[in-house]
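Have a look at the structure below before the remarks.
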Amino acid sequence: NAGVTQTPKFQVLKTGQSMTLQCAQDMNHNSMYWYRQDPGMGLRLIYYSASEGTTDKGEVPNGYNVSRLNKREFSLRLESAAPSQTSVYFCASSESGLDTQYFGPGTRLTVL
Amino acid sequence: GESVGLHLPTLSVQEGDNSIINCAYSNSASDYFIWYKQESGKGPQFIIDIRSNMDKRQGQRVTVLLNKTVKHLSLQIAATQPGDSAVYFCAENLRNSGNTPLVFGKGTRLSVIA
């Protein structure tokens, strides 16, 4: 039981490049989330998926898109990366939107 | 909007002493609270949770206290160890608000002095 897994662990992009961050969970959870964490700050919600087939914007959705591929997988896409998107990205999942969230190990992204 | 906050951004504690990390919340309708621990370079890890129908809940070396009157949440760590050094976040949820996600505080850094 791996819990929540994220790939890649590290990534460096140039401004304007695109990439997709992958997240998968093996806990049969219904809800999944994407957060970003900047130095000295807490977690800010980018997008979430309350259940398979639905996605909703969080606090900071601009510049990102998401896809809930199936119940296990939730991807985050940066279409045109900007230096302001340099951050650590965490994926999380929970049984429902009302329950404890379990986090992945994070992806450290640098945009030059 | 209302949000979860913390009293102290940093806390230094001598090894073996007890630690108390505080959290204030402003939404009186919040009814579920969680504490997370985040070690350097890792994702947040669930520690303990408490529902609003409880005042206290104990885990292994950790206790969470909830004071609904003053909207205050605390995490107590007994016999603090070097491995407890991390950033601790509280989070709140409104269990009657549908699928609204958790709201996280900014975190308190706990440093354990050996």
Side-chain angles (χ1 to χ4, degrees), chain A residues 2-7 9-10 21 23 25 27 29-61 66 68 74 87-108, chain B residues 1-10 21 23-25 27 29-53 57 59 62 64 73 86-109 111:
Chain A
V4 180
T5 57
Q6 293 182 237
T7 56
K9 291 192 188 313
F10 301 94
L21 281 64
C23 174
Q25 51 91 10
M27 296 175 281
H29 284 168
N30 293 301
S31 301
M32 299 185 73
Y33 312 83
W34 276 105
Y35 293 89
R36 61 177 289 173
Q37 185 177 42
D38 299 306
M41 295 185 68
L43 295 159
R44 291 189 292 171
L45 183 65
I46 304 171
Y47 270 95
Y48 67 102
S49 171
S51 60
E52 187 178 355
T54 69
T55 60
D56 287 285
K57 294 179 180 180
E59 180 185 356
V60 288
V66 291
R68 183 74 182 267
F74 189 39
S87 189
V88 181
Y89 291 84
F90 289 102
C91 177
S93 72
S94 62
E95 175 62 33
S96 77
L98 306 176
D99 293 306
T100 302
Q101 293 179 21
Y102 296 90
F103 285 81
T107 293
R108 192 173 298 273
Chain B
E2 294 174 303
S3 63
V4 174
L6 292 169
H7 292 310
L8 298 173
T10 59
I21 301 171
C23 178
Y25 64 96
N27 191 339
S30 294
D31 54 9
Y32 180 54
F33 305 88
I34 306 171
W35 280 101
Y36 286 91
K37 172 186 180 182
Q38 186 177 23
E39 297 175 275
S40 181
K42 297 184 178 180
Q45 179 184 9
F46 170 84
I47 302 174
I48 192 168
D49 60 2
I50 189 168
R51 289 176 169 74
S52 59
N53 60 351
R57 191 167 188 215
V62 295
V64 55
L73 188 70
V87 175
Y88 290 81
F89 295 94
C90 61
E92 64 177 330
N93 205 348
L94 299 171
R95 295 188 72 80
N96 295 323
S97 64
N99 276 321
T100 306
L102 294 173
V103 175
F104 287 86
K106 286 188 167 43
T108 293
R109 181 174 299 280
S111 295

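Scope of the values below: all heavy atoms of this structure, side chains included, with no hydrogens, waters or symmetry mates. Residue numbers start from 1 in every chain, and the chains themselves are labelled A, B, ... in the order their sequence lines are given, proteins ahead of strands.
- Interface check for chain B: of the options V4(A), L45(A), D56(A), L43(A), the most heavy-atom pairs under 4.5 Å are formed by L43(A).
- Rounded to the nearest 0.5 angstrom, Y48(A) OH and L102(B) CG are separated by 11.5 Å.
- Heavy atoms closer than 4.5 Å to chain A are found nowhere in Q45(B), neither backbone nor side chain.
- In this structure, the portion of Q37(A) lying under 4.5 Å from any heavy atom of chain B is its side chain and not its backbone.
- Shortest non-hydrogen contact noted between F90(A) and G43(B) is CE2-CA, 3.3 Å.
- Contacts between R44(A) and chain B at a heavy-atom distance below 4.5 Å are absent for every atom of the residue.
- Between Y36(B) and F103(A), the angle of the ring planes goes over 60°, which puts this pair in the perpendicular group of the 30/60° scheme.
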Would Y32(B) and T100(A) satisfy side chain to side chain contact (heavy atoms under 4.5 Å, CB included), going step by step from the backbone distance to the final call? CA-CA 9 Å; Y32(B) 180 54; T100(A) 302; 2.6 Å; yes
